[in-house]
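Here is the structure we will look at.
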Amino acid sequence: MNRSDNLLQEIHHSFPAGNRDIRTYSPLALAYLGDAVFEIMIRTLITEHSAGRVKNLHKQASSLVNAGAQAKLAASIQEQLTEEELSAFRHGRNAKASSVAKNADIHDYRNATGLEALFGYLYLAGRSGRAAELLKYGLEQLDITI
């Protein structure tokens, strides 16, 4: 696959819209998008590095795509974040969500939301490579092998 393939560029090319400043997105909108970005990255890694039934792939992905795991990952990458990235994370973490995941405590849920907002921000900024770097670093710090 060509490294110049970029989903965001393809979306913008196929569905032109005005240039919107990323800073105008609500932190929960960034987290909404970042949740999908994070999940697609994890699912891609699992699919490419694991074999087996889809049920097992889903189980492995679910172990990483939940508030507790995302909060641990967020903590593991904190020192690697630039001021801009830290700001995106904090905006997501501090956003007032109307609900909390049923199997997560509020602290984990907020940190997971911050991580998702960061990944949404990086995706919209055209910096998916940076999101991949942070994911790799965090997984290494947590000693998680996919």
Side-chain angles (χ1 to χ4, degrees), residues 1 3 5-15 17-50 54-146:
M1 179 155 98
R3 289 212 96 200
D5 287 352
N6 183 313
L7 181 60
L8 184 62
Q9 288 176 349
E10 292 299 326
I11 291 168
H12 288 165
H13 176 74
S14 298
F15 303 94
N19 289 337
R20 182 172 169 191
D21 187 342
I22 299 169
R23 294 171 296 185
T24 65
Y25 285 81
S26 79
L28 292 178
L30 291 174
Y32 171 75
L33 182 59
D35 176 53
V37 171
F38 186 80
E39 179 133 5
I40 196 78
M41 292 173 77
I42 294 295
R43 284 185 180 208
T44 299
L45 289 170
I46 289 170
T47 301
E48 291 182 347
H49 293 94
S50 303
V54 172
K55 179 180 177 180
N56 295 336
L57 299 177
H58 176 72
K59 187 175 180 179
Q60 189 177 2
S62 296
S63 73
L64 297 168
V65 183
N66 65 65
Q70 288 176 318
K72 287 177 185 171
L73 186 73
S76 74
I77 66 171
Q78 289 288 310
E79 294 180 3
Q80 300 300 308
L81 300 180
T82 65
E83 281 302 316
E84 173 189 5
E85 293 164 348
L86 197 52
S87 178
F89 170 80
R90 286 183 185 139
H91 277 74
R93 182 193 63 200
N94 297 335
K96 301 296 182 209
S98 59
S99 64
V100 176
K102 60 185 174 187
N103 295 323
D105 71 33
I106 189 70
H107 184 265
D108 283 352
Y109 185 76
R110 288 202 170 149
N111 282 311
T113 302
L115 181 75
E116 291 170 347
L118 170 61
F119 275 58
Y121 178 84
L122 290 171
Y123 172 76
L124 287 175
R127 296 176 51 212
S128 297
R130 176 63 175 157
E133 287 174 20
L134 290 170
L135 177 60
K136 181 178 188 232
Y137 180 83
L139 292 175
E140 288 171 350
Q141 293 304 301
L142 296 172
D143 200 26
I144 296 173
T145 304
I146 296 179

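Values below: all heavy atoms of this structure, side chains included; hydrogens, waters and symmetry mates excluded. Every value quoted in this text rests on a predicted model; they were computed, and no experiment measured them.
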So, for [X] and [Y], which heavy atoms are closest and what is the spacing to 0.1 Å?
{"X": "R43", "Y": "A61", "result": "CG-CB, 4.5 Å"}
{"X": "A117", "Y": "P27", "result": "CB-O, 3.9 Å"}
{"X": "S50", "Y": "L57", "result": "CB-CD2, 3.8 Å"}

So, the side chain of [X] versus the backbone of [Y]: is there a donor-acceptor pair under 3.5 Å, distance only?
{"X": "S76", "Y": "L73", "result": "yes"}
{"X": "N66", "Y": "A69", "result": "yes"}
{"X": "D35", "Y": "Y32", "result": "no"}
{"X": "H91", "Y": "S87", "result": "yes"}

So, using side-chain contact (heavy atoms from CB on, under 4.5 Å) as the criterion, who are the partners of E85 when residues are at least two apart?
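L81, T82, L118, L122, R127, R130, L134.
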Run the side-chain hydrogen bond (donor to acceptor under 3.5 Å, both in side chains) test against Q141 and tell me which residues pass, sequence neighbours left out.
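Expected list: none.
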Decide yes or no for [X] and [Y]: does some side-chain heavy atom of the first lie under 4.5 Å from some side-chain heavy atom of the second?
{"X": "L30", "Y": "Y123", "result": "no"}
{"X": "S128", "Y": "V37", "result": "no"}
{"X": "H49", "Y": "T145", "result": "no"}
{"X": "L86", "Y": "Q78", "result": "yes"}

Would you compute the distance between atom [atom1] of [X] and atom [atom2] of [Y] and round it to the nearest 0.5 angstrom?
{"X": "I144", "Y": "L64", "atom1": "CD1", "atom2": "CG", "result": "5.5 Å"}
{"X": "H12", "Y": "L7", "atom1": "NE2", "atom2": "CG", "result": "9.5 Å"}
{"X": "K72", "Y": "D108", "atom1": "NZ", "atom2": "CG", "result": "8.0 Å"}
{"X": "E116", "Y": "F89", "atom1": "CD", "atom2": "CZ", "result": "11.0 Å"}
{"X": "N111", "Y": "I106", "atom1": "CG", "atom2": "CD1", "result": "10.0 Å"}
{"X": "I22", "Y": "R20", "atom1": "CD1", "atom2": "CZ", "result": "10.5 Å"}

In terms of heavy-atom contacts, does CZ of R23 have more than 12 from other residues, nucleotides or ligands at under 6.0 Å?
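Incorrect, the count does not exceed 12.
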